2 protein chains.
Amino acid sequence: MEIKPITACCEPLTDTALTAEAADELAAAFKVLADPARLRLFSLIASAGEGEACACDLVEPLGKSQPTVSHHLSVLTDAGLVTREKRGRWAWYRADASRLAVLRDALGSVVPLGER
Amino acid sequence: MEIKPITACCEPLTDTALTAEAADELAAAFKVLADPARLRLFSLIASAGEGEACACDLVEPLGKSQPTVSHHLSVLTDAGLVTREKRGRWAWYRADASRLAVLRDALGSVVPLGER
DNA sequence: TCAATACATCGACGAACATCGATGCCCGAA
DNA sequence: TTCGGGCATCGATGTTCGTCGATGTATTGA
């Protein structure tokens, strides 16, 4: 699938027109989040106690097969949204909220209350 | 394509685990942004002078065919990210930044500087 | 009434992707 | 060393979706 790590690539959407290259990069980042299974996986990992979650505890709550869960975890890892650490037989995942901040910034600065 | 308007659907990703339904809705919202052509269109409209842009001025800078541009504008409109107003022969589009704010909120609250 | 322009819709094609069974690899226990 | 469990990878399949030529629908000007 060839996935690049999410990195700051552009000004906020509402400020200036995106270049073709910046749009490609930003779209690829949003594509990682554009799947219900990946969103649930990320939220499960991010909200887990101890700050980390075992892959073995993610298959059942997702209701998908083990290969499918593993695939989505790889996508999240390649994007840098989570990090993988193998300990013994198990794989432990941690969320990296700073990657989300990059996307937050791309969505624009704070919107005045009057416009919301 | 059946696209629903973007609406607030869930707590920030990093706070609690998403339900299957909330994940479906949020993923659908991100899917709208997960395309380079739509990102460029939105940024072109949002950063246009007068706060609005004519569809006739969006085809050439995008480098895509007129049907393709029209298709993407429809997706953005269905999602509520832009609004369409037909005046004479022309269609004028305005960006609605408040829909972006919904997604910003879903990406979590402010991240402490130490974690960025 | 006719021609031209702006834009949406239709139909079709190809590429990207989510999904899962089967399989391979690695580690720990016996 | 062997066995079993956890997890990644492979290969195949069905679906979704971006793209564009052709066509339809308004609206304007002559």
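Chain identifiers are assigned alphabetically (A, B, ...) following the order of the sequence lines, protein sequences preceding nucleic acid strands; residue numbering begins at 1 within each chain. Only a predicted model underlies this, so the values are computations on that prediction, with no experimental measurement involved.
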**Request:** Whole angstrom is fine here: how far is it from CG in B/Asp57 over to C1' in C/dA6?
**Result:** 12 Å
**Item:** Whichever of B/Trp92 and A/Ala34 has its nearest DNA chain C nucleotide further upstream toward 5'
**Value:** B/Trp92
**Prompt:** Shared ILVMFWY cluster between B/Leu41 and B/Trp92, side chains joined below 4.5 angstrom?
**Reply:** no
**Asked** Would you say a side-chain N or O of A/His71 is under 4.0 Å from OP1 or OP2 of C/dA18?
**Response** yes
**Message:** Can you see if the side chain of B/Arg84 gets near the phosphate of C/dC7 - specifically, an N or O under 4.0 Å from OP1 or OP2?
**Reply:** no
**Asked** Does B/Arg38 reach the main-chain N or O of B/Val32 with its side chain, forming a donor-acceptor pair under 3.5 Å?
**Response** yes
**Prompt:** Going by the salt bridge (charged side-chain N to carboxylate O under 4.0 Å, His left out) test, which pairs reach into residues 56-77 of chain A, not counting sequence neighbours?
**Reply:** none
**Distance-only side-chain donor-acceptor flag, A/Ser74 / A/Thr77, under 3.5 Å** = no
**Trace of the side chain to side chain contact (heavy atoms under 4.5 Å, CB included) decision for A/Asp96 with A/Leu81** = CA-CA 5 Å; A/Asp96 182 353; A/Leu81 285 168; over 6 Å; no
**Request:** With heavy atoms under 4.0 Å as the rule, sort B/His72 into base, sugar-phosphate or nothing.
**Result:** sugar-phosphate
**Request:** Walking along DNA chain D from 5' to 3', note the first and the last nucleotide with an atom under 4.0 Å from a heavy atom of chain B, and give both.
**Result:** D/dC17 to D/dT28
**Prompt:** Can you tell me how far CZ of A/Arg40 sits from CG of B/Leu18, rounded to the nearest 0.5 angstrom?
**Reply:** 7.5 Å
**Prompt:** Can any side-chain N or O of A/Ser70 pair as donor or acceptor with the backbone N or O of A/Gln66 at less than 3.5 Å?
**Reply:** no
**Request:** Could you list by number each residue of residues 58-65 of chain B showing a heavy-atom separation from DNA chain C of less than 4.0 Å, or answer none if no residue does?
**Result:** none
**Asked** When Watson-Crick pairs (N1 to N3 and N6-O4 or O6-N4) and G-U wobble pairs (N1-O2 and O6-N3) count only below 3.5 Å on both distances, what is the dot-bracket string of DNA chain D, with | for other-strand pairs?
**Response** ||||||||||||||||||||||||||||||
**Message:** Looking at B/Glu52 and B/Arg87, is any side-chain nitrogen of the basic one under 4.0 Å from a carboxylate oxygen of the acidic one?
**Reply:** yes
**Prompt:** Honestly curious: do A/Leu100 and A/Leu44 fall in one hydrophobic cluster under the side-chain, below-4.5 Å linking rule?
**Reply:** yes
**Message:** Checking the side chain of A/Arg94 only, and the main-chain atoms of A/Thr83 only, is there a donor and an acceptor separated by less than 3.5 Å?
**Reply:** no
**Asked** Just by distance, do the side chain of A/Arg99 and the backbone of A/Ile6 share a donor-acceptor pair under 3.5 Å?
**Response** yes
**Message:** Main chain of A/Gly108, side chain of A/Thr14: is a donor-acceptor contact present, judged purely on distance under 3.5 Å?
**Reply:** no
**Rounded distance in Å - CG (B/Leu41) to P (C/dA8)** = 11 Å
Any protein N or O atoms within reach of nucleotides 22-30 of chain C? Criterion: under 3.5 Å, listing atom names and distances.
none

**Item:** Pairs where residues 18-35 of chain B contributes a residue and the test side-chain hydrogen bond (donor to acceptor under 3.5 Å, both in side chains) is met, not counting sequence neighbours
**Value:** B/Thr7-B/Glu25
